[in-house]
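Start at 1 with the first residue, then count along the sequence. Atoms within each ligand, like the ligands themselves, are counted from 1 in listed order. In what follows, every heavy atom counts, from backbone to side chain, and hydrogens, waters and symmetry copies are set aside.
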Amino acid sequence: MKRAREWHSGFFRNSFYNPASPAASAAAPAEAAFAAKLLGLKKGAALLDLCCGPGRHAVEFARRGLAVTGYDFSAEYLREAAARAAARGVELRLLRGDMRRLKFREEFDAAVNLFTSFGYFPKYSDDLRTLKGAARALKPGGLFLIDLLNGDLVRRLFIPRDWHDLGGHYLLEERELRGDLLFNTWTRLDRKTGRAQKRTFFNRLYGRAELAAALRLGGLRPLKFLGGFDGSPLSADSVRLLCLARKA
Ligand SMILES: C[S@@+](CC[C@H](N)C(=O)[O-])C[C@H]1O[C@@H](n2cnc3c(N)ncnc32)[C@H](O)[C@@H]1O
């Protein structure tokens, strides 16, 4: 497998991957409803959806009357978010940029980072830069909600490879753990054409303790950990790791 590098710019393209799969899109309204309730935001509150992708949560937040800024690196996904917003009759402010270079200052009542949109960089310091930028973007006392794959579970029940049937294509996922980085090689096999595409990427694994430490270093104080968008408490078997934090 390849060495750690900046992989995100070539990976998040419709020709290979789109986070708004039918199943993920179907889950988004309930996830956004849960997140909005947890954040306790009033109509008109300013929300940053950091790494909003194709906007599946952003439009749902906007439908709840929040003033949503969606921020992402992928121009393709941002175009899709704009189309989704137009189709739902809501407004989104969509900005393109790198999560490590957030320029906002005390602008938002809350920020979210959903569906493991974090831990993408070879340097841990870049993850901290991202968190510091998110903290700076929040008004004093503002809330931050992050949703990651639970790194503690991945380490405990390590599955080196598995297949998924994703409708139009099959996906083979192969995994390798190197220190705190989980290397994934995805082979996408098109059902109709038989065409195979392969990409290797990594993400830094965060369990509860590592996430709490990173958030604190980023200027965010963890308030609550959860194991899913159903509000379940975080346990050793939780697939997701959600943390609600407040600007310190
Ligand atoms: C797993 S997807 C999740 C997207 C969205 N939150 C969702 O749940 O559908 C991760 C997102 O992070 C974005 N991303 C990756 N690297 C980025 C970077 N350096 N700066 C900003 N966005 C980035 C990708 O373009 C992609 O939209």
Taking only heavy atoms of H57, which atoms of ligand 1 are found under 4.0 Å from at least one of them? 8 (O)
Could you tell me whether some N/O pair between A20 and ligand 1 is separated by less than 3.5 angstrom? no
Is F12 close to ligand 1, meaning an N/O of one under 3.5 Å from an N/O of the other? no
Quick one: does C52 get a heavy atom under 4.0 Å from ligand 1? yes
P233 to S238 - nearest heavy-atom pair and separation: O-OG, 3.8 Å
Does F202 have R178 sitting over its ring (NZ/CZ under 6.0 Å from centre, angle to axis within 45°)? no
Where is the tightest heavy-atom contact between F11 and Y17, given as atom of each residue plus distance? CE2-CD2, 3.6 Å
How far is atom 5 (C) of ligand 1 from its nearest protein heavy atom, and which residue and atom is that? C51 O, 3.3 Å
Verify the distance criterion only: is there a donor paired with an acceptor across the side chains of T116 and R240 at less than 3.5 Å? yes
Can you pull out the closest protein heavy atom to atom 7 (C) of ligand 1? Residue, atom name and distance to 0.1 Å, please. R56 NE, 3.4 Å
For R161, is the CZ atom crowded, meaning more than 12 foreign heavy atoms sit under 6.0 Å from it? no
Taking only heavy atoms of S74, which atoms of ligand 1 are found under 4.0 Å from at least one of them? 25 (O)
Backbone or side-chain N or O of F121 under 3.5 Å from ligand 1 N or O: no
Judged by non-hydrogen atoms, does G97 sit under 4.0 Å from ligand 1? yes
Step through the shown structure and confirm whether more than 12 heavy atoms of other residues, nucleotides or ligands are within 6.0 Å of CZ on R221. no
Need the ligand 1 atom indices (1-based, order shown) with element for anything under 4.0 Å from a heavy-atom of D98. 19 (N), 20 (N)
Distance to 0.1 Å, residue and atom name: give those for the protein heavy atom nearest to atom 27 (O) of ligand 1. D72 OD2, 2.7 Å
Neighbour count >12 (heavy atoms, 6.0 Å) for atom CD, E91: no
Specify side chain, backbone, both or neither for H8, according to which of its non-hydrogen atoms lie closer than 4.0 Å to ligand 1. side chain
Distance from atom 3 (C) of ligand 1 to nearest protein heavy atom, with residue and atom: S117 OG, 3.2 Å
Hey, is F73 touching ligand 1 through its side chain, its backbone, both or neither, going by heavy atoms under 4.0 Å? both
So, is M99 polar-close to ligand 1, with some N/O to N/O distance under 3.5 Å? yes
Is there a ring pair (Phe, Tyr, Trp, His ring centres under 6.0 Å) between Y170 and H164? Walk through the geometry before answering. CA-CA 6 Å; Y170 297 105; H164 303 275; over 10 Å; no
How close do R204 and P122 get, counting heavy atoms only, and between which atoms? NH2-O, 2.9 Å
Where is the nearest protein heavy atom to atom 1 (C) of ligand 1: which residue, which atom, and how far? F115 O, 3.4 Å
